[in-house]
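This structure is a prediction, so every number in the text was calculated from the model and none was measured.
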Amino acid sequence: MNEFFKKIPFIDNILKGVGQIMLQENRWTGLLFLIGIFMGSWQCGVAVLISTAAGTFIAMKLKYDSSEINAGLYGFSAALVGVALAFLFETTLLIWVLIVLGGALAAIIQHFFIRNKIPVFTFPFIVITWVLVFALHHFTHIPPSALLSAEVVPSEYDDFLTCTNGFGEVIFQGGVLSGMIFFVAVFISSPIAALYGLAASILGAGLSQLNGEPVKEIHMGLFGFNAVLSAIVFSGIKKTDGLWVLIAVLLTTVIDDFLIDHHCLDAVGGVFTFPFVAGTWITLLIRKILLKAKR
């Protein structure tokens, strides 16, 4: 099967791009992500494929580094732009056009940061989606997607389902099964990253509950998905990795709760993965300062 993907590198790059949403350079992770997304919504699944293809295609046409393209680095922000627009809005012709253009633009912005060696993570997705959501709300009359009111949540509280829902919400999927598939998808690529992500989702949910956030939304994973991503970034087998995971998750959760409680980004569609990016940037800065101090 691996030989099949090698013969069709564009498909392989798309799958790895989808897998990179949770920082996994793994085609099988990407394939499982796609399955989980299609289970939640065919529109979101098609949007992810189109936007990831657009980002990968533009990277190839602009002759970006082939190893970076093959690793899926020009696909994941593009993928998130696509799924976000399909999740938030009824998929009209304009939305499909923006999914293509947004995916391509995400790759171009991603390249700027990669070239300058700045760990940007999902920041291109965040900026593009904020701008598009703001413009669509103020200059069009496209109705919201029915998916916004069709979230699936467990009828009773369950710790495991709450934390796997955190995995699901990374890619805008509220279904219990999608979240479990996403967890397995990360686990087959990196067990340590998956387990740290699981622990982070529990910690993020617990801290948000102590902070008085809505229990229903906590159970849906809405207060855990940013923590999942932060944990995956710093996951590793060293004891110090656990410390950095803890710091990143704490910072991410505090930023997440603050922005949501104060409705800071409601006008542009919500926080998306900004708490993850901000929390991770701060943690990386702290680690860099401490490493310099030790020299």
Side-chain angles (χ1 to χ4, degrees), residues 16-26 29-30 32-33 36-37 48 72-73 75-81 83-84 87 106 110 113 118-127 129 162-174 178-179 181-187 189-208 218 220-236 241-242 244-257 259-260 265 270-285 287:
K16 286 181 180 176
V18 177
Q20 287 281 14
I21 291 174
M22 297 196 205
L23 294 89
Q24 305 305 307
E25 185 188 335
N26 188 301
T29 298
L32 284 174
F33 282 174
I37 295 166
V48 166
L73 297 182
F76 66 94
S77 274
L80 287 170
V81 171
V83 72
F87 178 81
Q110 199 88 34
F113 286 102
I118 299 172
V120 67
F121 304 113
T122 58
F123 191 64
F125 145 68
I126 297 165
V127 173
T129 308
T162 295
C163 56
T164 54
N165 284 346
F167 279 80
E169 289 292 349
V170 171
I171 321 180
F172 296 86
Q173 300 306 304
S178 292
I181 290 172
F182 293 168
F183 168 73
V184 172
V186 176
F187 190 87
S189 174
S190 172
I192 191 72
L195 293 174
Y196 265 124
L198 202 66
S201 188
I202 295 171
L203 180 58
L207 291 172
S208 295
I218 292 172
M220 289 166 63
L222 294 174
F223 287 91
F225 71 91
N226 276 293
V228 169
L229 290 172
S230 294
I232 290 174
V233 169
F234 293 97
S235 62
D241 293 331
W244 292 116
V245 167
L246 179 61
I247 293 170
V249 169
L250 290 174
L251 285 170
T252 296
T253 303
V254 169
I255 293 168
D256 194 13
D257 288 3
L259 292 175
I260 291 174
L265 300 168
V271 300
F272 298 132
T273 54
F274 180 72
F276 147 63
V277 172
T280 303
W281 278 345
I282 294 170
T283 306
L284 287 171
L285 180 62
R287 188 168 71 175

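- By the 30° and 60° cut-offs, the orientation of the rings of Phe172 relative to Phe87 is tilted.
- Contact annotation: the side chain of Leu229 approaches that of Val170 to within less than 4.5 Å [non-hydrogen atoms, C-beta and beyond].
- In terms of heavy-atom proximity, Cys163 sits nearest to Leu198 at SG-CD1, 3.4 Å.
- With Ser201 contributing its side chain and Gly197 its backbone, the two residues share no donor-acceptor pair below 3.5 Å.
- Between the side chains of Gln24 and Ser189, at least one donor N or O lies within less than 3.5 Å of an accepting N or O.
- With contacts defined as side-chain heavy-atom distances shorter than 4.5 Å, the pair Leu80/Ile21 qualifies.
- No side-chain heavy atom of Val18 sits under 4.5 Å from any side-chain heavy atom of Ile171.
- Between Leu259 and Pro275, the shortest heavy-atom distance links the atoms CD1-CG, 4.3 Å.
- A donor-acceptor distance shorter than 3.5 angstrom exists from the side chain of Gln110 to the backbone of Phe121, with no hydrogens or angles considered.
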Practice problem: Go through Ile255 and Ile282 one step at a time and tell me if the side-chain contact (heavy atoms from CB on, under 4.5 Å) criterion holds. | Solution: CA-CA 11 Å; Ile255 293 168; Ile282 294 170; 4.0 Å; yes
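- Heavy atoms only, all atoms of each residue included: Ala106 and Pro124 are closest at O-CB, 3.9 Å.
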Quiz item: How far apart are the C-alpha atoms of Thr253 and Leu203, what are their side-chain angles, what is the distance that settles it, and do they pass the side-chain contact (heavy atoms from CB on, under 4.5 Å) test?
Solution: CA-CA 9 Å; Thr253 303; Leu203 180 58; 5.9 Å; no
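- Taken to the nearest 0.5 Å, the CD1 atom of Ile232 stands 10.5 Å off from the CG atom of Leu195.
- Nearest heavy atoms, Asp257 versus Ser208: OD1-OG, 3.0 Å.
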Exercise. Take Val83 and Gln173 through the side-chain contact (heavy atoms from CB on, under 4.5 Å) test and state the conclusion after the steps.
Key: CA-CA 10 Å; Val83 72; Gln173 300 306 304; 4.2 Å; yes
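- How far CZ of Phe225 is from OG1 of Thr252: 11.0 Å, rounded to the nearest 0.5 Å.
- Nearest heavy-atom pair across Val186 and Thr29 is N-CG2, 4.3 Å.
- In this structure, Leu284 and Phe234 have side chains that are in contact, with non-hydrogen atoms separated by less than 4.5 Å.
- Considering all non-hydrogen atoms of both residues, Leu32 and Phe182 come closest at O-CE2, 4.3 Å.
- The aromatic rings of Phe272 and Phe125 sit tilted, their planes meeting at an angle between 30° and 60°.
- Separation of atoms CG (Leu73) and CG (Leu23) is listed at 9.5 Å; rounding is to 0.5 Å.
- The side-chain heavy atoms of Leu250 and Leu207, taken from C-beta on, include a pair separated by under 4.5 Å.
- Within the model, atoms CZ of Phe33 and CG of Asn26 stand 9.0 Å from one another, a figure rounded to the nearest 0.5 Å.
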Exercise. Report the C-alpha separation of Thr122 and Phe76 in whole Å, then their side-chain angles, then the decisive distance to 0.1 Å, and conclude whether the side-chain contact (heavy atoms from CB on, under 4.5 Å) test is met.
Key: CA-CA 8 Å; Thr122 58; Phe76 66 94; 4.1 Å; yes
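- In this structure, the side chains of Trp244 and Val233 stay at 4.5 Å or more apart for every pair of heavy atoms.
- Here the CD-CZ distance, from Glu169 to Phe223, works out to 11.0 Å after rounding to the nearest 0.5 Å.
- Checking side-chain atoms of Trp281 against main-chain N and O of Pro119 turns up a donor-acceptor pair under 3.5 Å.
- Considering CG of Asn165 and CD1 of Ile218, their distance stands at 12.5 Å, rounded to 0.5 Å.
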